[in-house]
K.L.:
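Structure provided below as structure tokens; questions to follow.
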Amino acid sequence: QVQLLESGGGLVQAGGSLRLSCSASERTPDIYIMGWFRQAPGMEREFVAAVNWSGGSADYGDSVKGRFTISRDNAKTTVYLQMNALKPQDSAVYYCAATRNMLRVFASEVYNYWGQGTQVTVSS
């Protein structure tokens with residue numbers, strides 16, 4: 001059973017930056033795709049970004065394109081989300097997720113493993 005552990009959330013002013021990290025407990029094909037989702041109170045879970053095993057292919061949600069960057073370490077077990085130009089509407093609990101499914105990486109239902117979430121709050 002793969003475990004995912006997020007870190008790096010916190011409080012930041014609008015326009016600022018934060019970097020989230022997510023470490024997987026095992027190097028396994030089950031984490032071929034690693035991604036980030038977020039959920040604000042009263043809202044549905046939203047796709048943020050996903051990256052493949054090599055780190056050479058990444059996808060982003062429309063609301064974060066050009067501001068957020070997802071990357072993966074050489075060991076393939078840690079994924080990072082660099083968030084720049086943060087806006088108050090980026091405030092949410094951010095969840096790390098992993099799957100071996102290479103299709104529909106924007107869909108939360110294809111992910112088998114989830115972290116506990118880390119809070120990001122952007123003040124105006």
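These figures come from a predicted structure and were not determined experimentally.
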K.L.:
Which atom pair, heavy atoms only, marks the closest approach of Ala92 to Ala40?
P.N.:
CB-N, 3.8 Å
K.L.:
Can you check side-chain contact (heavy atoms from CB on, under 4.5 Å) on Trp114 and Cys96, steps first, answer last?
P.N.:
CA-CA 6 Å; Trp114 292 86; Cys96 177; over 6 Å; no
K.L.:
Ignoring hydrogens, what is the shortest heavy-atom contact between Pro29 and Arg100? Give both atom names and the distance.
P.N.:
O-CB, 3.1 Å
K.L.:
According to side chain to side chain donor-acceptor pair (under 3.5 Å), who are the partners of Tyr80, at least two apart in sequence or on a separate chain?
P.N.:
none
K.L.:
Restricting to non-hydrogen atoms, name the atom on Leu4 and the atom on Cys22 that form the minimum distance, rounded to 0.1 Å.
P.N.:
CB-SG, 3.9 Å
K.L.:
Around atom CD of Glu109, are there more than 12 heavy atoms of other residues, nucleotides or ligands at under 6.0 Å?
P.N.:
yes
K.L.:
Quick check: is Met102 connected to Ile31 through a chain of hydrophobic side chains (ILVMFWY, heavy atoms under 4.5 Å apart)?
P.N.:
yes
K.L.:
Show the nearest heavy-atom pair for residues Tyr113 and Val2, with the distance to one decimal.
P.N.:
CD2-O, 3.4 Å
K.L.:
Where do Val110 and Ile33 land on the side-chain contact (heavy atoms from CB on, under 4.5 Å) test, with the steps shown first?
P.N.:
CA-CA 10 Å; Val110 309; Ile33 298 291; over 6 Å; no
K.L.:
Under the ring-ring contact (aromatic ring centres under 6.0 Å, His included) rule, collect the residues that match up with Phe68, sequence neighbours excluded.
P.N.:
none
K.L.:
Is a side-chain donor or acceptor of Gln116 paired with a backbone partner of Leu5 at a separation under 3.5 angstrom?
P.N.:
no
K.L.:
Side chains of residues 47-58: which donor-acceptor partners sit under 3.5 Å, not counting sequence neighbours?
P.N.:
{"from": "Asn52", "atom 1": "OD1", "to": "Ser54", "atom 2": "OG", "distance (Å)": "3.4"}
{"from": "Asn52", "atom 1": "OD1", "to": "Gly55", "atom 2": "N", "distance (Å)": "3.0"}
{"from": "Asn52", "atom 1": "OD1", "to": "Gly56", "atom 2": "N", "distance (Å)": "3.1"}
{"from": "Asn52", "atom 1": "OD1", "to": "Ser57", "atom 2": "N", "distance (Å)": "3.1"}
{"from": "Ser54", "atom 1": "OG", "to": "Gly56", "atom 2": "N", "distance (Å)": "3.1"}

K.L.:
Determine the minimum heavy-atom distance between Ala14 and Pro88, stating which atoms define it.
P.N.:
CB-CD, 4.1 Å
K.L.:
Please list all pairs passing the salt bridge (charged side-chain N to carboxylate O under 4.0 Å, His left out) test where one or both residues lie in residues 114-124, with sequence neighbours left out.
P.N.:
none
K.L.:
Has Gln3 got a side-chain atom pairing as donor or acceptor with Ser25's backbone, closer than 3.5 angstrom?
P.N.:
no
K.L.:
By the definition ring pair (Phe, Tyr, Trp, His ring centres under 6.0 Å), identify the one residue from Phe37, Tyr32, Trp36, Phe106 that meets it with Tyr111.
P.N.:
Phe37
K.L.:
Mark yes or no for whether Asp73, through its side chain, and Thr77, through its backbone, hold a donor-acceptor pair below 3.5 Å.
P.N.:
yes
K.L.:
Mind checking what makes side chain to side chain donor-acceptor pair (under 3.5 Å) contact with Thr78, not counting sequence neighbours?
P.N.:
Ser23
K.L.:
Quick one: do Asp90 and Lys87 make a salt bridge, cutoff under 4.0 Å?
P.N.:
no
K.L.:
Given side-chain contact (heavy atoms from CB on, under 4.5 Å), test Thr69 with Tyr60 step by step and report yes or no.
P.N.:
CA-CA 8 Å; Thr69 302; Tyr60 296 93; 3.8 Å; yes
K.L.:
side-chain contact (heavy atoms from CB on, under 4.5 Å) for Ile70 and Val79? Distances and angles first, verdict last.
P.N.:
CA-CA 7 Å; Ile70 190 170; Val79 65; 3.6 Å; yes
K.L.:
Partners of Glu46 by side chain to side chain donor-acceptor pair (under 3.5 Å), sequence neighbours excluded?
P.N.:
Arg38, Ser63
K.L.:
Within a 6.0 Å radius of atom CD on Gln119, are there more than 12 heavy atoms belonging to other residues, nucleotides or ligands?
P.N.:
yes
K.L.:
Return yes if some donor-acceptor pair links the side-chain N/O of Tyr95 with the main-chain N/O of Gly35 below 3.5 Å, else return no.
P.N.:
no
K.L.:
Got a second to check how far Met83's CE is from Arg19's CZ, nearest 0.5 Å?
P.N.:
11.5 Å
